[in-house]
Amino acid sequence: MEIKFYNSLTNNLETFTPLIPNKVSMYVCGPTVYNYPHIGNMRPVVVFDTLRRFLSYVGYDVTYVSNFTDVDDKIIKEAKAEHKTEKELTEFYINEFLKVTKLIGSLPPTITPKVTEYMEKIIDYVDRLVKLDAAYVKDGDVYFRVSKIADYGSLSNINIDDLIVGARIEENTQKESPLDFALWKKTSEGIAWDSPWGKGRPGWHTECCVMIDSIFSQSQIDIHGGGYDLKFPHHENEIAQAEAMHHNKIARYWMHNGFINFGNEKMSKSLGNVIYAKDMINQYGGPVTRLVILSTHYRQPVNFTEDTIKTAMSEITRIQQAYKQGAILLQTNHIDLSLGQPKYIEKFLSYLSDDLNTSNALTEVFNIVKEVNQISRSKEIDLEKLNDLIKTLKDMFYVLGLDLSYPLLNEEDLSLLEAYNTARREKDYAKSDEIRALLINKGIL
RNA sequence: GGUUCUUUAGCCAAGCUGGUAAGGCAAUUGACUGCAACUCAAUGAUCGCUGGUUCGAAUCCGGCAAGAACCUCCA
C-alpha cells in the first residue's frame, strides 16, 4: 500500500518510504509538565497515536518516542509556588498526562524519555557542538551559532533578514546574533546541573535532538511530529543542530498538527478558556473527545463547541449501538465472533494512507455501520457477512483508538434474551418489560 | 511587515494532479414498532466575490474581501 504524507519540510504530499524497510522511527515532541494537560495537548496525542496505530496495523514495526520535558523555567516557577521540588511536581503531572492519554484511547509510546534522564548526554552533545564551532560559550551560557547553518529557516520558510528586521527580538548582548539560541543556560534559581560551563540547565531545543540521537540507532529518523506552533523556532533549531552534528535534517518527514480552538477562540490562559483534558473526558468520555479530534483532518484547526461535542456524542451512540446489536445478534445465533474477517477495511485504510485522512476514514465507519444495521433488520440475516462487518468495525476502532466494545453474553444472558423475545411474541408485555429492564441494566440492550 | 493557512448546505466536514459536489449531526416526511429506544428510506448546497485559462473548474492562474495562526521557548 502506498502511503502519503504531507511533509511540512517541503510543503508537499510525499510518498512515505521508511529509511529501514518495514521499520518506522517516529518522534513527537511531548509536553512540558507543569500543569494539568489541556484539551489542546490531546491533539498531537490523538493524531500521532492514530498514525502509529495505522502504521502498525498495515505491518510496520513502529518505534514511537514521545518525551516529557521536565526541566524548564515554568516548572521551576510552579514548583516554587507549590512548595514542591521540581521532581515532585513533574512526576505528578507526568502521571496526570499518562492517565488522560489512556482515557482518550492512546497507547503508551514505545519509549517516553524524560529530559532529566539525559543530562549527561545533553552536556556531551552541547560540548561537541562547541568543539565543532557551531556553538560558543559566553559567560556560562552556551549559544548555537545560527550563521553556521546555510539554509536556516528552511522548515518554516523564514527569511533570516525578515526575521531580524520585522520581529520583536529581545535585547541580548550576550549573543553574537539575535537568532542564536541557548543550548545551555547558566542558572542561579531552581534545579541545576554541573557542566563544563558552570551550573545550569539545558535549552529546550537541544533536548529533543539528544533524545533522538540516543534512543534511535540512526542519525536520522523517519517522522518527526508536533504541534504547528513548534515549527518555529523549536523544530527549526532542532534541524540546525542536526545539520551541524550529522549534516541532515534529523527527520525525513515533518508532520505538524493544527490547533484546537474552544468556541472559536484559541485557548489561552489570558482568555481564560483553557479546558483541562480530564474535565472534558470525564464529562463526555474518551471516545467522544477523541472523535471530535478525528473528525477533522489533522492539519486543520478543530473547534470544540457545544455543537461539535453534541454531534460527536450522537455519532458515538450510533456507532456503538450498531456494533453492540450486531455482535449480540451473532451471539444469539451461536456464531463464533473470533472467526470473522475484516473483509471490508481496505477503503478505510486507503483513506488513512492518504495523509491520515481520518475524516474520510470515518465515512467508511459509517458505511459499515449502516450495512450492519441493514443486515441486522433484514428477514434473512447473512450471519457470515455480519460477522465480517463486525470484525471490520473492530479493527477500525482499533486503528482509530476508539474504545468501543460489545458485551460477551453468557448462557444466562442468552436465555434472558430468548425469554424477552418469547414474551414479546406472546404479547406478555408485563413480563417483557421486566426482562427488558434487566437487559438494559446489564448493558445488553 | 514576513510566513503559513482558511472561506463548501442550519452546524461539523471531505473532495482541490479539472469532467457538473462524500459522510455525519440537526430538521421534515414516510416505514417499522405493544410502548420506549434503536433502525431503514426519502428530501437540501454550484462550492466567499471577481476576472482568466479550458470543450469543461469547488478544484489551475490573477485580483479583491473576510478570518486564523506563527515570527524565541504556547501542542
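Lettering follows sequence order; numbering is per chain, from 1. Side-chain atoms are counted along with the backbone in the values below, which use heavy atoms only and exclude waters and symmetry mates.
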[X] near the nucleic acid: base, sugar-phosphate alone, or nothing, with a heavy-atom cut-off under 4.0 Å?
X         : result
Arg436(A) : base
Gly226(A) : sugar-phosphate
Leu362(A) : nothing
Lys324(A) : nothing
Tyr6(A)   : sugar-phosphate
Thr305(A) : nothing

Residue matched to [N] through Watson-Crick or wobble contacts both under 3.5 angstrom:
N       : result
rG48(B) : rC64(B)
rC25(B) : rG10(B)
rU3(B)  : rA69(B)

Nearest-angstrom distance, [atom1] atom, [N] to [M]:
N       : M       : atom1 : value
rG34(B) : rA42(B) : P     : 25 Å
rC60(B) : rA75(B) : P     : 34 Å
rU8(B)  : rG48(B) : P     : 6 Å
rU20(B) : rC12(B) : C1'   : 25 Å
rU54(B) : rA13(B) : P     : 36 Å
rU17(B) : rA36(B) : P     : 50 Å
rA21(B) : rC61(B) : P     : 22 Å
rC25(B) : rC73(B) : C1'   : 40 Å

Short side-chain donor-acceptor distance under 3.5 Å, Thr10(A) and Glu14(A): yes
Validation row, ring centre Tyr323(A) to ring centre Phe397(A) under 6.0 Å: yes
Output field: ring centroids Tyr93(A)/Tyr34(A) closer than 6.0 Å: no
Residue Thr363(A), side-chain heavy atoms: nucleotide from rC25(B), rA22(B), rU72(B) that is nearest: rA22(B)
Cation over ring face, Lys4(A) and Phe16(A), 6.0 Å, 45°: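 Cation-pi check for Lys4(A) and Phe16(A): fails.
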[X] [atom1] - [N] [atom2] separation (whole Å):
X         : N       : atom1 : atom2 : answer
Glu207(A) : rC73(B) : CD    : P     : 15 Å
Ile328(A) : rC38(B) : CD1   : C1'   : 12 Å
Gln325(A) : rA37(B) : CD    : C1'   : 9 Å
Tyr143(A) : rC73(B) : OH    : P     : 14 Å
Phe259(A) : rG67(B) : CZ    : C1'   : 17 Å
Leu439(A) : rA36(B) : CG    : P     : 19 Å
Ile444(A) : rA37(B) : CD1   : C1'   : 16 Å
Asp229(A) : rC5(B)  : CG    : P     : 16 Å

Polar pair under 3.5 Å, donor/acceptor by atom type, side chain Asp433(A), base rG34(B):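 Counting by modelled atom types and ignoring angles, a donor-acceptor contact under 3.5 Å is found here.
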Minimum side-chain heavy-atom gap Val47(A)-His256(A) below 4.5 Å: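 Of all side-chain heavy-atom pairs linking His256(A) with Val47(A), none is under 4.5 Å.
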Centroid distance under 5.5 Å and plane angle under 30°, Phe366(A) vs rG24(B):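 Not stacked: fails the 5.5 Å / 30° test.
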Which residue lies more 5' along RNA chain B, comparing Tyr228(A) with Pro233(A) via nearest heavy atoms: Tyr228(A)
Arg424(A) vs Thr311(A), nearer the 5' end of RNA chain B by closest nucleotide: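 Upstream on the strand: Thr311(A).
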Pair [X] + [Y], salt bridge at N-O below 4.0 Å:
X         : Y         : answer
Lys77(A)  : Asp73(A)  : no
Lys249(A) : Glu238(A) : no
Lys138(A) : Asp141(A) : no
Lys87(A)  : Asp70(A)  : no
Lys431(A) : Glu434(A) : no
Lys148(A) : Glu243(A) : no

Any Arg318(A) side-chain nitrogen or oxygen under 4.0 Å from OP1 or OP2 of rC38(B): no
Contact pattern, 5' to 3', of nucleotides 13-21 of chain B - B, S or - by protein heavy atom under 4.0 Å: SSS------
Expected output: side-chain Arg145(A) to main-chain Ser177(A) donor-acceptor under 3.5 Å: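 Here the side-chain-to-backbone pair does not exist.
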Residues within residues 370-380 of chain A bordering RNA chain B, heavy-atom distance below 4.0 Å: Lys370(A), Asn373(A), Gln374(A), Arg377(A)
